[in-house]
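Each ligand, and each atom within it, is numbered from 1 in the order the structure gives. Source: prediction; values computed, not measured.
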Amino acid sequence: MTRRRQPDSHYKRAKAQGFAARSVFKLAEMDKRYGLVKPGHKVLDLGCHPGSWLQYAGGKVGKKGSVIGVDLQPPTVELMPWVEFVQADVLALTPEMFEGSAPFDLVLSDVAPRTTGVAHGDALASLELTEAAVDLALATLKPGGSLLAKVYFGPGVDDLIRRVKRAFKLGKGHKPGASRAASREIYILGRGLKNPSGKRNK
Ligand SMILES: C[S@@+](CC[C@H](N)C(=O)[O-])C[C@H]1O[C@@H](n2cnc3c(N)ncnc32)[C@H](O)[C@@H]1O
């Protein structure tokens with residue numbers, strides 16, 4: 001039997017404000033804290049359906065900026081003219097596909113696998129998606145650019161955070177207040193790209 005989650009205060013507030021999902025408050029909180037989305041920015045948003053991050057980032061970058069959203073499913077909301085949707089699998093993306101639009105100021109990834117309830121398997125599936133998002137970000141961000149990527153905590157996440165720490169001036173894991181306490185999700189933040197290989201300096 002599948003149990004339906006009760007709508008919480010974030011869900012109700014998101015609906016009241018016209019946002020497609022409660023996850024908008026996670027991005028808003030991390031943006032307020034780390035100063036990620038700025039007017040005129042070029043943003044790539046991986047795992048963008050139903051579209052609340054596209055709405056938030058589109059509103060903040062304004063018409064001098066641009067946002068590209070990628071997901072297996074299209075957004076459920078109307079997009080601003082400077083926000084574009086690409087229907088694709090994040091695991092099949094290559095940097096060459098973004099040659100016309102990169103380099104980006106910010107790569108966001110809220111991509112998440114369909115969960116099975118088996119924590120270990122869900123964490124591995126999430127890690128695979130988030131590693132693909134980090135690889136793409138390191139290949140398409142401007143020097144000084146930023147990354148924010150969700151992952152379900154599990155084996156391999158600490159190594160991924162270490163890689164992000166080496167690649168950016170600031171690298172860390174963060175659990176936003178708007179994230180459900182029971183969820184194993186955390187967000188990996190990289191701010192100020194300095195070493196796109198993410199490798200140790202010899
Ligand atoms: C938590 S939702 C994203 C919510 C979004 N940030 C928002 O605020 O509206 C995660 C998304 O990841 C997408 N996803 C999962 N696997 C994917 C894949 N391999 N490629 C592209 N998108 C994928 C799902 O379709 C889902 O829409």
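The hydrophobic cluster containing Phe98 also contains Leu193, counting ILVMFWY residues as joined when their side-chain heavy atoms lie under 4.5 angstrom apart, directly or transitively.
Assignment of Ala88 to the shell around ligand 1 is supported, since a heavy atom sits closer than 4.0 Å. Ligand 1 lies within reach of Lys150, whose nearest heavy atom is under 4.0 Å from it.
Contact annotation: for Ala20 versus ligand 1, there are no heavy atoms closer than 4.0 Å. Proximity of Cys48 to ligand 1, defined as any heavy-atom pair under 4.0 Å, is confined to the backbone N, CA, C and O atoms. Residue-level proximity to ligand 1 for Leu46 is absent, since no heavy atom of it falls below 4.0 angstrom.
At under 3.5 Å, a nitrogen or oxygen of Val90, whether backbone or side chain, sits near a nitrogen or oxygen of ligand 1.
The shortest contact between atom 23 (C) of ligand 1 and any protein heavy atom is with Val111 CG2, 3.4 Å. Regarding atom 15 (C) of ligand 1, its nearest protein heavy-atom neighbour is Ala112 O, 3.0 Å. Protein heavy atom nearest atom 19 (N) of ligand 1, with residue, atom name and distance: Asp89 OD1, 2.8 Å. For atom 2 (S) of ligand 1, the closest non-hydrogen atom on the protein side is His49 O, 3.6 Å. Protein heavy atom in closest approach to atom 8 (O) of ligand 1: Ser52 OG, 2.5 Å. The single protein non-hydrogen atom nearest to atom 10 (C) of ligand 1 is Asp110 O, 3.4 Å, given as residue, atom name and distance.
Comment: Asp105 does not engage Lys42 in a salt bridge, judged by the lack of any side-chain N to carboxylate O separation of less than 4.0 angstrom. In this structure, Lys26 does not pair ionically with Asp110, as no charged nitrogen and carboxylate oxygen lie closer than 4.0 Å.
Ring-centre distance between His10 and Phe25: below the 6.0 Å cut-off.
For the side-chain contact (heavy atoms from CB on, under 4.5 Å) criterion with Val83, the lone passing option out of Val67, Val77, Ile68, Val43 is Val67. Here the options are Leu136, Asp45, Leu141, the test is side-chain contact (heavy atoms from CB on, under 4.5 Å), and the partner is Phe104; only Leu141 passes.
The local environment of NZ in Lys175 is crowded, with over 12 non-hydrogen atoms from other residues, nucleotides or ligands closer than 6.0 Å. The number of heavy-atom neighbours closer than 6.0 Å to NZ of Lys169, taken from other residues, nucleotides and ligands shown, is 12 or below.
Among Asp71, Val70, Leu72, Leu27, the residue whose heavy atom lies closest to atom 11 (C) of ligand 1 is Asp71.
Between Leu27 and Ser23 the shortest side-chain heavy-atom distance does not fall below 4.5 Å.
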